[in-house]
Amino acid sequence: MKHLLSIEELGLEDARRILDQAAVLKRERGMPPRFRPLAGQIWALIFSKSSTRTRVSFEVGIRELGGDALFLNANDIQLGRGEPIKDTARVLGRMVHGAVIRTFAQQDVMDFARYSGIPTVNALTDEEHPCQILADLFTFEEKRGTIRGKTVVFFGDGACNVAASWVFAAARFDFSLRVAAPKGYQPPALLLARAGGDVQCYEDPEAAAAGADLLYTDVWVSMGKESEAAERLALLSGYQVHRGLVARAKPGALVMHCLPAYRGKEIDDETFEAHAGTIFDQAENRLHAQKAVLAQLAGSRMP
Ligand code: CP
Ligand code: NVA
């Protein structure tokens, strides 16, 4: 595995190895480090959008694996003034050992990977958020065992990056995915065709929740969509995750949120706090899962 650009392109064997390795790294965190696959390496984090979890988990993870991290706000480098991504990539490719990129266009991450020649990680684009979904799968499986054959429901903006990564994960990991969203916010037909797998779209959130193992939501206004906020809040208001939906799911169903959460919008405060244990484990697991990704990109496996 040379890059992590999308769940769509991530093979099952690599994904499984990442999840297994994440469990070991989580267990061993805090013990004297015996695994430093990034020793002597400097990784660049190039971010064009805000971040708390992704930035901190990568900066900490890179250092814990023996490397060093260089955070570059895209607006502070010439990229923000129009220097082409392929030129930025060719410069950084000669100076750093890997790159973690959060930006708008998926093509930019793909171009960076191609022109830099160094391992490149998609830390969120408008199209996918693969690091998030790896941590989510890890969190589900550490609490409930294999996700194979289970039913996951995504509520809200079913056309967003996180939803798309869930769509690709469904076929790869062999679970059923329901997307509860109004028309216009469901995954595009082309994407569903590309992904295959058992993915059903619902307009009725209650019907979607019935018997589910995991209820999942994300913000209604993703980064870059702020000008559509009023319309989105109005159209998505019926898709809030609340106690009534949880009651329709399987007893003991998990509730997850990739965060940041907007209480009273995609989830109500009561439901968020009732499931905060899971949601913050999910946030913590970003660190363990991404360390496993980095180790795999560095070509190292834990002994
Ligand atoms: N979930 C997630 O990616 O969070 P950040 O935007 O804070 O990185
Ligand atoms: N869909 C959200 C995810 C944030 C982690 C966004 O793109 O803003």
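Remember, it's a predicted structure, so these values are computed and weren't measured experimentally. As a basis for the values below, the full set of heavy atoms in this structure was taken, side chains included, without hydrogen atoms, waters or symmetry mates.
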Which heavy atom of [X] sits nearest to which heavy atom of [Y], and what is that distance?
X    : Y    : answer
S165 : H129 : OG-N, 2.9 Å
S50  : M223 : O-SD, 3.6 Å
D136 : M256 : O-CE, 3.8 Å
A123 : V100 : CB-CG1, 3.6 Å

Original post:
Does some side-chain heavy atom of L214 sit less than 4.5 Å from a side-chain heavy atom of K150?
Top reply: no

Tracing side-chain links under 4.5 Å among I, L, V, M, F, W and Y, which residues wind up in one group with [X]?
X    : answer
V255 : V153, F155, L215, V241, L245, V246, L259, I267, F272, I279, F280
L233 : Y185, W220, V221, L235, L236
M31  : none

**OP:** Scan side-chain atoms only and decide if D68 and Q41 contain a donor-acceptor pair under the 3.5 Å cut-off.
**Re:**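 The answer is no; no qualifying pair exists.
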
Original post:
Who are the side chain to side chain donor-acceptor pair (under 3.5 Å) partners of E59, not counting sequence neighbours?
Top reply: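 Counting only residues at least two positions away or on another chain, E59 forms a side chain to side chain donor-acceptor pair (under 3.5 Å) with R55, R63.
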
Original post:
Taking only residues two or more places apart in sequence or in another chain, which ones pass side chain to side chain donor-acceptor pair (under 3.5 Å) with D174?
Top reply: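 By the side chain to side chain donor-acceptor pair (under 3.5 Å) rule, D174 matches R148.
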
Just how far is it from atom [atom1] of [X] to atom [atom2] of [Y], taken to the nearest 0.5 Å?
X    : Y   : atom1 : atom2 : result
R286 : T52 : CZ    : OG1   : 10.5 Å
S48  : N75 : OG    : CG    : 7.0 Å
K26  : Q21 : NZ    : CD    : 15.0 Å
D126 : K49 : CG    : NZ    : 4.0 Å

**OP:** Run through N161, I7, L10 and flag the one making a side chain to side chain contact (heavy atoms under 4.5 Å, CB included) with I133.
**Re:**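 It is I7, the one option of N161, I7, L10 that forms the side chain to side chain contact (heavy atoms under 4.5 Å, CB included) with I133.
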
Subject >> R194 atom CZ: more than 12 heavy-atom contacts under 6.0 Å >> reply: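 Enclosed: over 12 neighbouring heavy atoms sit under 6.0 Å from CZ of R194.
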
Original post:
Does the ring of F112 carry K86 above it, NZ/CZ under 6.0 angstrom from centre and within 45° of its axis?
Top reply: no

Subject >> Listed partners of Y216 passing ring pair (Phe, Tyr, Trp, His ring centres under 6.0 Å), at least two apart >> reply: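 Ring pair (Phe, Tyr, Trp, His ring centres under 6.0 Å) check on Y216 returns F154, W166.
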
Subject >> Derivation of the side-chain contact (heavy atoms from CB on, under 4.5 Å) call for E28 and F35 >> reply: CA-CA 10 Å; E28 298 204 350; F35 185 55; over 6 Å; no

Original post:
Does R114 come within less than 4.0 Å of D111, counting only side-chain N to carboxylate O?
Top reply: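 No, no charged N to carboxylate O under 4.0 Å.
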
**OP:** Determine, stepwise, if the pair D14 / Q296 fulfils side-chain hydrogen bond (donor to acceptor under 3.5 Å, both in side chains).
**Re:** CA-CA 8 Å; D14 282 327; Q296 193 136 321; 3.0 Å; yes

